[in-house]
Amino acid sequence: MMVIVTKGFSIISELDVDFGRGRKCHSLKLEPPWSCSLFIPVIRSSASLNQQNSNSPVLFCSVQFNQPIMSEFNELETQDAIRMPWNVIPGTKQEAAQCVIPISAIYTPIKPLPETTPLLPYSPLRCRNCRSVLNPFSIVDFSTKIWICSFCLHRNHFPHHYQSISDDNLPAELFPHYTTIEYEPQNERIGGSLVPQVFFFVIDTCMIEEEIGFLKSGLSRVIGEIPENSLVGLITFGRYVCVHELGFFGNIPKVYVFNGAKEITKDQVLEQMGFFLKKPRPATGVVAGVRDGLSQESINRFLLPAADCEFALNSVLDELQKDPWPVPADQRAPRSTGTALTVAAHLLGVCVPGSGARIMAFLGGPATEGPGSIVSKALSEPIRSHKDLDKDAAPFFHKAVKLYEGLAKQLVHQGHVLDVFACALDQVGVAELKVAVEKTGGLVVLAESFGHSVFKDSLLRIFQSSDNDLGLSSNGIFEVNFSKDIKIQGILGPCASLEKKGPLCSDTTIGQGGTTAWKMCGLDKSTSLCLIFDIVKKENPDVIGQAANDQFYFQFLTYYQHSSGNMRLRATTLSRRWVTGPGNIQDLIAGFDQEAAAVVMGRLVSFKMETEAEFDPIRWLDKTLIHLCSRFGDYQKDSPSSFVLSPRLSIIPQFVFNLRRSQFVQVFNNSPDETAYFRMVMNRENVANSVVMIQPSLISYAFNSGAEPALLDVASIAADRILLLDSYFTVVVFHGSTIAQWRKAGYQNEPEHKVFAQLLQAPLDDAEAIVKERFPVPRLVICDQHGSQARFLLAKLNPSATYNSDAPPMPGGDVLFTDDVSFEIFLDHLQRLAVQQ
């Protein structure tokens, strides 16, 4: 048999070898620096390669360098939308524990595929035993038309329409470079017909007139962008909850009012809103949509296509006013957020169950009335802080969380999404709403005002169709399958457990665990899940057994409703080599992805801070880093000067240093709402965006150098330099003192200083490019050295020069007024502690 060894699927060598039953070549020897860490086999005809003997099948193997560069991990992500901290996996449970950072993966289920990847218009072939999907790792016997599952080794017969396949006539799902493939069976839609999107606006009216004006302006901008066939509904609330009947068609508009101080049931919604005035209610069964007892006419009163209700919706918004309920000077406005969201969930559950409906809540202050209240009406009582939550001194918190947990369960069952747009100087209850937003895969935007560009531009991005659209999809179900020695502990990310237990479930659970299937009510192009695995092998396998089968297989299946309305299934199948024994450290290091490891640590520490009492995040991060460096560093015991980290691990201390100082760990000066917001966004974003949140990027602009990366250090500040900081949530354009003086003097407006005008414009153009492609839209801050808003930059810099440093700052430079340790001191302590282990 001929073996074609490929790197990036280009042929690098040809070898004649013999194969064992496991299809892994025992006698395949690759010269350094090659290794078969990633093994992607498929039988292909040698005739396609112009070989002389057309009967000799060819095996393609994908291999990688022993020391892959970071760009290779990015290439793997481009193909399979996955990043793993350990791309070579420890083979036993004990060795996995010694790796410190868990065996895990960051997977983006519907990340756009390369343009060359086809969309298959038929249903996938599934294994009759384990239900995995046919993939390039499956063993195919063309003579008997049988394929052997790579997960359970079950033999499956090809159906009749596959009878023409041969070694030179393969279906796309068996091509080696289509390890991720997407299926769209023709005419497969929910209920056999196209289900439109549903947008249900829930608007808070307990705000000052100026804020209501900003909100009306923002909503007016997007109403015209809503797809014409999408259904739209409207609720406004203050002391009472008002459901607006948009389908009045020239008659007097109607509003159905609910008491915001009381709990509202689904039966009360059905009765009070007159769903069965013309048609008797079914004696038995659940009332859910047209098929289960409701007339289309009664549904159309509250949910109408955008093209039909645009005038009615604009009319209601034009007349929208501040809640008329009187508010004493010493009290907060009565705001019944919990009741409004409950009524919206009930109404959608009755009218459009199982559709891709989104409840879009626009909140301008804290809930103070009825279920879901987070604070009393008395202004003398402050809203809960982190200290109150730590001391269990927030009397409303647990009740509100319990309400929203129930709401999350209901929305997941209905397949609906909750989006929150919280725009206020005060807290509004995002910390309590977090569970409902995350479990339904909802979007969240936090801003100071409805007039802020963060809100207005983010809202517009949701509805705009362009190259940078979010790619909103719905009704997702995510399933996993693995080799027998791997189990799943859980997922950290925007999903909800479907409680599908099985042999692949680990005894240890993290996040949404105890299942192999999850519901993703809402997902978009950047929605990412963090899967935590468990290696269950306890003994060291013999060398012969390892050589025969040293691959772990993973398969991720995402079944979802595309924005076109069609149901699709995306299948991603991976293979990773496992190693065991004392000589495996270099192999593990060779496959270590530092960026993915930092993101996994960020999600884990956030999860532990929310779920574990008395958890010390700084201590946990420090111990994790020390044990990692001690395990994989090269040093002589008790000799810090001899400590050396491989280039594969050299950046991880820097990531952990910045993670310790980030808003995910440091809650000081952040409200519980802000902390919940930051963590929710990180828990749904991909590796590239999450790394920017953990360790911001800094670009320097100067006359003699143009744009170039700069150290995230206070030493990068200079009087004649412009800095562009991207911390994901904030983009800062920082002008050095000399640059600021020249700008204020207007030199950029003079023809002889055209170069200076270009220097000023370059970072602004780059900042606009960042803002345009990101969601939520970041805050753009333009500031000068020594100005008040320079704090947005200074807070992110390494304090290598502080007010108590011995050496004075460089001329035109700056110092930080902080007692935080610098990265250099942090690294010295790390080296000293690592060599003591």
Side-chain angles (χ1 to χ4, degrees), residues 201-204 207-208 210-222 225 358 360-366 418-431 433-434 437 442-464 466 468-470 472 524 526 662-664 669-685 689-690 692-693 696-697 724-734 763-783 788-789 791-793 795-796:
F201 299 123
V202 180
I203 299 175
D204 175 11
M207 298 179 286
I208 59 175
E210 184 182 27
E211 281 297 302
I212 290 180
F214 288 145
L215 177 56
K216 287 159 62 174
S217 172
L219 290 172
S220 298
R221 288 176 69 196
V222 303
E225 300 286 343
R358 309 187 76 94
M360 309 186 81
F362 302 90
L363 310 179
L418 173 62
D419 299 327
V420 172
F421 300 85
C423 298
L425 292 172
D426 209 346
Q427 298 184 70
V428 304
V430 174
L433 283 160
K434 180 176 183 289
V437 175
L443 306 172
V444 59
V445 175
L446 191 68
E448 296 175 356
S449 164
F450 285 109
H452 203 287
S453 61
V454 171
F455 164 72
K456 293 190 295 185
D457 295 343
S458 296
L459 181 62
L460 195 59
R461 279 286 309 280
I462 293 174
F463 296 98
Q464 276 183 331
S466 65
N468 290 326
D469 67 345
L470 300 183
L472 293 179
D524 57 59
S526 64
S662 71
Q663 63 269 41
F664 309 110
N669 209 31
N670 284 327
S671 68
D673 273 16
E674 289 171 313
T675 300
Y677 169 65
F678 294 139
R679 290 175 179 169
M680 273 194 283
V681 175
M682 183 178 69
N683 275 349
R684 65 176 289 116
E685 280 299 331
N689 287 337
S690 298
V692 173
M693 298 180 208
S697 66
L724 174 63
L725 177 84
D726 178 12
S727 65
Y728 192 86
F729 299 101
T730 309
V731 176
V732 183
V733 178
F734 176 92
L764 292 177
D765 292 341
D766 291 344
E768 287 297 331
I770 293 171
V771 168
K772 189 177 294 184
E773 64 182 18
R774 183 164 295 166
F775 186 91
V777 172
R779 176 176 182 175
L780 180 61
V781 176
I782 301 174
C783 61
S788 63
Q789 290 196 312
R791 66 186 186 276
F792 287 101
L793 171 71
K796 298 294 183 181

Whether the side chain of Ser727 engages the backbone of Pro696 through a donor-acceptor N/O pair (distance < 3.5 Å, no angle test) should be reported.
no
Tell me if a side-chain donor or acceptor on Arg461 pairs with a main-chain N or O of Lys772 at a distance below 3.5 Å.
yes
Specify the closest pair of heavy atoms between Ala767 and Val733, including all atoms of both residues, with the distance to one decimal.
CB-CG2, 4.1 Å
Just so I know, are the side chains of Val428 and Asp673 near enough to count as touching, which here means a heavy-atom distance under 4.5 Å?
yes
With a 4.5 Å cut-off on side-chain heavy atoms, are Gln789 and Val732 touching?
no
Donor-acceptor pair, distance only, cut-off 3.5 Å: does the side chain of Ser217 make one with the backbone of Gly213?
no
Do the side chains of Leu433 and Leu418 get nearer than 4.5 Å, heavy atoms only?
yes
Any side-chain heavy atom of Phe775 sitting closer than 4.5 Å to one from Asp524?
no
Intermediate values then yes/no, side chain to side chain contact (heavy atoms under 4.5 Å, CB included), Gln427 and Leu446:
CA-CA 10 Å; Gln427 298 184 70; Leu446 191 68; over 6 Å; no
Heavy-atom nearest pair, Gly218 first then Leu459, reads O-CD2, 3.9 Å
Main-chain N/O of Gln464 paired to Asp469 side chain as donor or acceptor, under 3.5 Å
no
Keeping Arg779 on the side-chain end and Phe729 on the backbone end, is there a donor-acceptor pair under 3.5 Å?
no
How close do Ser458 and Val445 get, counting heavy atoms only, and between which atoms?
CB-CG2, 3.9 Å
Please evaluate residues Tyr677 and Val444 with respect to the criterion side chain to side chain contact (heavy atoms under 4.5 Å, CB included), reporting the C-alpha separation (whole Å), side-chain torsions for both, the decisive distance (0.1 Å), and the verdict.
CA-CA 7 Å; Tyr677 169 65; Val444 59; 3.9 Å; yes
Check the pair Thr730, Val781 against side chain to side chain contact (heavy atoms under 4.5 Å, CB included), reporting the backbone distance first and the verdict last.
CA-CA 7 Å; Thr730 309; Val781 176; 3.8 Å; yes
Are the side chains of Leu764 and Ile782 in contact, using a 4.5 Å heavy-atom criterion?
yes
Return the orientation label for the Phe362 and Phe450 ring planes: parallel under 30°, perpendicular over 60°, tilted otherwise.
tilted
Leu215 versus Phe421: any side-chain heavy-atom pair under 4.5 Å?
no
Kindly give the heavy-atom pair with the smallest separation between Cys423 and Ser449, and that separation in Å.
CB-C, 3.7 Å
Would you mind reporting whether Gln663 and Glu674 have side-chain heavy atoms less than 4.5 Å apart?
no
Tell me whether Asp204 contacts the main-chain N or O of Gly364 through its side chain, where contact means a donor paired with an acceptor under 3.5 Å.
yes
Main chain of Leu443, side chain of Arg684: is a donor-acceptor contact present, judged purely on distance under 3.5 Å?
no
Glu685 and Tyr728, any side-chain heavy atoms less than 4.5 Å apart:
yes
Please confirm whether the backbone N or O of Ser697 pairs with a side-chain atom of Asp726, one donor and one acceptor, at under 3.5 Å?
no
Heavy-atom donor-acceptor pair, Asp419 side chain to Arg358 backbone, under 3.5 Å:
no
